Amino acid sequence: MVNFNRRRMLLWAATAATLPGLCAVAPAHAEDTVKIGLIVPMTGGQASTGKQIDNAIKLYMQQNGDTVAGKKVEIILKDDAAMPDNTKRLAQELIVNDKVSIIAGFGVTPAALAAAPLATQAKIPEVVMAAGTSIITERSPYIVRTSFTLAQSSTIIGDWAAKNGIKKVATLTSDYAPGNDALTFFKQHFTAGGGEIVEEVKVPLANPDFAPFLQRMKDSKPDAMFVFVPAGQGGNFMKQYAERGLDKSGIRVIGPGDVMDDDLLNNMGDAALGVVTAHIYSAAHPSQKNKDFVAAYKKAFGNRPGFMAVGGYDGIHLIYEALKKTSGDSNGDKLVAAMKGMKWESPRGPISIDPDTRDIVQNVYIRKVEKVDGELYNVEFATFEAVKDSGKTKK
């Protein structure tokens with residue numbers, strides 16, 4: 001009996017292990033519905049990321065309808081709370097049980113990486129709308145990214161700081177892969193330009209208390225602090241920055257734009273004025289496309305969109321346009337092939353998908369927080385066009 005039960009368990013395990021691959025043989029492309037599994041954090045510290053992406057997808061579908069190339073598009077939303085174990089389980093359930101043709105979202109890098117082997121095994125696209133570490137697209141040939149990489153913005157703010165009178169910098173970065181990317185690429189460019197790193201601090205990703213780290217920053221007497229915290233944590237950081245008196249100390253804040261996320265910026269108060277960041281999107285971007293996008297988003301959801309919203313808006317646009325190119329065929333290989341090299345005008349500016357890396361190519365803007373009509377905005381004052389991910393171009 002024991003041997004028989006053991007054989008049954010082994011047979012069940014072997015069958016379960018092949019399920020994602022099996023479902024890829026006949027996903028929903030023969031049906032009238034294309035199902036998209038949207039896995040984002042709707043609760044926890046990165047909840048604002050998930051809400052922005054979900055809102056932006058809803059807005060895009062309101063504007064463009066829920067059918068494309070004769071197929072109805074169905075979004076199945078799952079909250080992973082930015083926990084990679086949850087992401088993996090939810091991705092597997094979506095692929096095996098719900099028979100989705102695409103998985104999308106991924107608020108943080110560990111979540112995107114957790115789903116990568118499943119996308120490969122099931123042969124379905126994984127559209128990364130948020131996570132920003134360079135290596136992500138290298139983990140599966142089915143990953144395509146519409147967000148950004150930390151290298152894109154961190155290299156540019158490093159060069160800018162070195163050329164604009166900033167000699168000494170203390171760094172404060174979240175202790176996970178994107179924070180490490182931001183730190184590495186900033187340091188390379190800032191020190192190459194003659195700058196000096198006088199203090200280096202890494203803070204926990206989950207529920208960080210910045211206060212003790214900020215005191216170390218203050219004590220090191222830098223010209224500026226280079227800060228990377230993920231979307232959603234910038235408001236708490238700036239609150240503690242002001243409470244510690246750093247806004248009165250003459251120590252400037254610089255960094256990639258995550259810390260000055262548009263959906264939180266207005267609540268940061270005047271301590272945020274003058275903060276200079278390099279980033280891929282500002283709600284103040286002056287194009288008509290963006291003005292229309294911001295107005296529609298505000299009308300629908302009552303607040304302004306941030307860069308995570310744009311990642312979601314462009315992500316669902318990419319899926320729609322790929323389905324048009326395949327005439328509604330949701331075969332994963334055909335969809336990824338359709339996505340490679342695609343170009344369009346986004347609310348953030350012109351963007352494209354690099355056909356070699358499946359990563360996004362986009363403008364990076366240097367911005368300064370200013371008050372416009374009584375509200376705080378990241379006002380762009382310099383543009384670097386068609387920036388690729390230097391984490392890949394230097395390999």
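Position 1 is the first residue of the sequence; numbering continues from there. Keep in mind that what you see is a predicted model, and the values were worked out from it rather than measured.
- Among Thr184, Thr155, Asp159, the single residue meeting the side-chain hydrogen bond (donor to acceptor under 3.5 Å, both in side chains) criterion with His189 is Asp159.
- Note that the CG atom of Leu59 and the CG atom of Asn64 stand 9.0 Å from one another [nearest 0.5 Å].
- For the pair Asn164 and Arg252, the tightest heavy-atom approach, listed with the atom from each and the gap, is O-NH1, 4.4 Å.
- Ion pairing between a basic and an acidic side chain is recognised when a charged N comes within 4.0 Å of a carboxylate O; Asp66 and Lys72 show such pairing.
- At a cut-off of 3.5 Å, with distance as the only test, no side-chain donor of Gln152 or Asp389 sits close to an acceptor on the other residue.
- Between Thr120 and Ser140, the shortest heavy-atom contact is OG1-OG, 2.7 Å.
- Ionic pairing of Lys58 and Asp54 is present here: one or more N-O contacts between side-chain nitrogen and carboxylate oxygen are shorter than 4.0 angstrom.
- Within 6.0 Å of NZ in Lys298 there are more than 12 heavy atoms belonging to other residues, nucleotides or ligands.
- Here Glu93 pairs with Arg89 in a salt bridge; the nearest charged N to carboxylate O distance falls below 4.0 Å.
- One finds the CD atom of Glu345 at 10.0 Å from the CG atom of Asn290 (value rounded to the nearest 0.5 Å).
- Nearest heavy atoms, Tyr176 versus Pro110: CD1-CD, 4.1 Å.
- Aromatic rings from Phe186 and Phe228 are positioned such that their centres are separated by 6.0 Å or more.
- One side chain, Ser346 or Asp314, offers a donor N or O that lies under 3.5 Å from an acceptor on the other.
- Classification of Lys392 and Asp356 as a salt-bridged pair fails, no side-chain N sitting under 4.0 Å from a carboxylate O.
- The closest side-chain donor-acceptor pair between Thr133 and Asp181, if any, does not fall under 3.5 angstrom.
- For the atom pair Ile76 CD1 and Leu90 CG, the distance stands at 11.5 Å (nearest 0.5 Å).
- Val40 and Gly105 get closest at one heavy-atom pair: CG1-CA, 3.7 Å.
- Between Ile143 and Arg358, the closest heavy-atom pair is O-NH1, 2.7 Å.
- Residues Ile124 and Ile95 form a side-chain contact, since some pair of their non-hydrogen atoms from C-beta on lies under 4.5 Å apart.
- Neither side chain, Lys78 nor Asn86, offers a donor N or O lying under 3.5 Å from an acceptor on the other.
- Centroid-to-centroid, the aromatic rings of Phe307 and His279 come within less than 6.0 Å.
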- request: Let me see the working for Asn363 and Thr383 under side-chain hydrogen bond (donor to acceptor under 3.5 Å, both in side chains), right down to the final yes or no.
  value: CA-CA 7 Å; Asn363 291 352; Thr383 302; 5.7 Å; no

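- Ion pairing between Lys35 and Asp98 fails under the 4.0 Å rule for side-chain N and carboxylate O.
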Worked verdict on Arg348 versus Lys289 for side-chain contact (heavy atoms from CB on, under 4.5 Å): CA-CA 8 Å; Arg348 68 183 102 173; Lys289 180 94 174 172; over 6 Å; no

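- Going from atom CG of Asp258 over to atom OG1 of Thr173 covers 12.0 Å, rounded to the nearest 0.5 Å.
- Using a 30° and 60° split on the angle between ring planes, Tyr313 and Phe293 fall in the tilted class, from 30° to 60°.
- Taking a 6.0 Å sphere around CE of Met83, one finds it holds 12 or fewer heavy atoms contributed by other residues, nucleotides or ligands.
- For Asp333 and Lys123, the salt-bridge test fails: no basic side-chain N is under 4.0 Å from an acidic carboxylate O.
- Checking Arg367 against Thr277 by side-chain atom types alone, a donor-acceptor pair falls below 3.5 Å.
- Classification of Glu243 and Lys239 as a salt-bridged pair holds, one side-chain N sitting under 4.0 Å from a carboxylate O.
- Between Tyr241 and Phe210, the gap from one ring centroid to the other reaches at least 6.0 Å.
- For the pair Arg304 and Tyr377, the cation sits on the ring face: its NZ or CZ lies under 6.0 Å from the ring centre, inside 45° of the axis.
- The environment of Glu385 atom CD is sparse: at most 12 non-hydrogen atoms of other residues, nucleotides or ligands sit within 6.0 angstrom.
- Between Arg216 and Glu199 there is a salt bridge, since at least one side-chain N of the basic residue sits less than 4.0 Å from a carboxylate O of the acidic one.
- Within 6.0 Å of NZ in Lys334 there are 12 or fewer heavy atoms belonging to other residues, nucleotides or ligands.
- To the nearest 0.5 Å, the span separating CG on Asp219 from CG on Leu214 amounts to 11.0 Å.
- Met61 contributes atom CE, which lies 6.0 Å from atom CD1 of Ile316 (distance to the nearest 0.5 angstrom).
- Other residues, nucleotides and ligands place more than 12 heavy atoms under 6.0 Å from the NZ atom of Lys218.
- Here Lys368 does not pair with Glu380 in a salt bridge; the nearest charged N to carboxylate O distance is not below 4.0 Å.
- Considering all non-hydrogen atoms of both residues, Leu150 and Pro178 come closest at CG-O, 3.6 Å.
- Ion pair Asp80/Lys88 not flagged as a salt bridge, since none of the NZ, NE, NH1 or NH2 atoms sits closer than 4.0 Å to an Asp/Glu carboxylate oxygen.
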